[in-house]
Number of protein chains: 2
Amino acid sequence: MDATFTAASHHVRRRILDRLRRGPETVGGISRRFPISRQAVAKHLRLLERGRLIVVRRSGRERLVSLSARPLREVDRWLAGYRRYWRSRLLSLKRLAEEIERRGG
Amino acid sequence: MDATFTAASHHVRRRILDRLRRGPETVGGISRRFPISRQAVAKHLRLLERGRLIVVRRSGRERLVSLSARPLREVDRWLAGYRRYWRSRLLSLKRLAEEIERRGG
DNA sequence: TCCATGGGCAACCATAAGGTTGCATATTGG
DNA sequence: CCAATATGCAACCTTATGGTTGCCCATGGA
C-alpha cells in the first residue's frame with residue numbers, strides 16, 4: 001500500500017484522479033489543467049502508475065490515461081479499523097457529554 | 001490531506017498507528033517494536049505528528065504518544081467517491097458476466 | 001547523590017520527490 | 001512530403017525521506 005498512499009499524497013495527483021473518474025483523458029489534456037510543465041505532470045502520472053491507480057494505453061500519437069481505482073479498496077479496508085475507532089471515540093464523547101449534562105442540570 | 005497521506009505512506013508508520021489503536025505508548029516502547037534505531041522511529045513520529053495522526057505529551061521523562069485518527073475521516077470522505085466508482089465498475093462487470101452467461105447458455 | 005534510562009538534537013549519507021529546460025521521436029493532417 | 005502536435009527522455013537543481021552514529025540533557029530510583 002505504500003505506493004498507493006504515496007500516489008495519493010500530492011494534491012495534484014488527487015486532482016488528476018478525481019478528474020479521471022469522469023473518464024479517460026490524454027496526457028496533454030491533463031497537463032493543460034495545471035500550471036506546471038507537461039513533464040512535471042508526466043512524473044506525477046508515473047507515480048500514479050506505480051501505485052496502480054491509473055492505466056495508460058497508447059492510441060496513435062496520444063496516450064490515454066484511465067482510472068484504476070481498485071487499489072483504493074485496500075486503503076478503504078485499512079481505514080475500516082479507524083472508522084470503528086473514531087466512532088467509539090465519538091460514542092465515549094457523547095457519553096461524557098451526557099454525564100456532564102446529568103451532573104450539571 | 002497531503003500530510004495525512006504522506007504520514008500513512010510508510011508501512012512502519014501504518015504499523016505504529018495500528019498499534020496505537022490499543023492505547024497510548026511511549027516513544028521507547030514503540031521503537032523497541034522495530035528493528036531500526038530509536039531516532040529513525042522518532043522521525044516517523046514527527047511525520048505522523050505533521051499529519052496530525054498522533055499527539056505527543058510528556059509525562060515525566062517519557063513521552064506518551066496517542067492516536068488522533070480524526071484526519072483519517074477526511075481521507076475516508078475522499079474515498080467515498082471512489083467507493084461509488086469501483087462499485088459501478090463491479091456492477092458493469094457483473095452485468096457483462098450475466099450478458100455472457102445469457103448468450104453462452 | 002549518582003547513574004541508568006528515556007529522549008532530543010545534529011551531522012552525515014543515500015535515495016526519492018517535484019520542478020525546470022532542452023532535445024529527440026513518432027504520428028497526423030494538409 | 002512537411003509542419004504541427006503529442007510525448008518521451010535526460011540532465012540538473014532543490015527539498016524531503018529514511019537511516020545511521022554520536023553526544024547532550026532531564027529525571028526517577030536505589
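As the structure is a prediction and not an experimental result, all values here were calculated from the model. Residue numbers begin at 1 in each chain, while the letters A, B, ... track the order of the sequences.
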### Message
When you measure only distances, ignoring hydrogens and angles, does the side chain of A:Arg63 come within 3.5 Å of the base of D:dT7 through a donor and an acceptor?
### Response
no
### A:Val56 or B:Arg13, whichever maps to the more 5' nucleotide of DNA chain D
A:Val56
### Message
From CG of A:Leu64 over to P of C:dT27, roughly how many Å is that when rounded to an integer?
### Response
15 Å
### Query
Rounded to the Å, how far apart are B:Ile30 CD1 and C:dT5 C1'?
17 Å
## Note on the structure
Closest heavy-atom pair, A:Asp76 versus B:Trp86, reported as atoms and distance to 0.1 Å, is CB-CH2, 3.8 Å
### Query
Can you tell me how far P of C:dG6 sits from CZ of B:Arg57, to the nearest Å?
18 Å
## Note on the structure
Rounded to whole Å, CZ of B:Arg46 lies from C1' of D:dG19 at a distance of 13 Å
### Task
Rounded off to whole Å, could you give me the CD-to-C1' distance for the B:Glu62 and D:dT27 pair?
10 Å
### Query
Would you say the base of C:dG8 and the side-chain of B:Arg58 have a donor-acceptor pair closer than 3.5 Å?
no
### Query
In Å and rounded to the nearest 0.5 Å, what is the CG to CG distance from A:Leu20 to A:Leu53?
10.0 Å
### Distance, rounded to the nearest Å, where B:Gln39 contributes CD and C:dG6 contributes C1'
11 Å
### Query
What does B:Thr6 touch in the nucleic acid at a heavy-atom separation under 4.0 angstrom: a base, only the sugar-phosphate, or nothing?
sugar-phosphate
### Query
Can you find an N or O donor on one side and an acceptor on the other, under 3.5 Å apart, linking the side chain of A:Arg61 with the base of D:dT7?
no
### Summary
Of the listed C:dG18, D:dG8, D:dT5, the closest approach to the A:Arg38 side chain comes from D:dG8
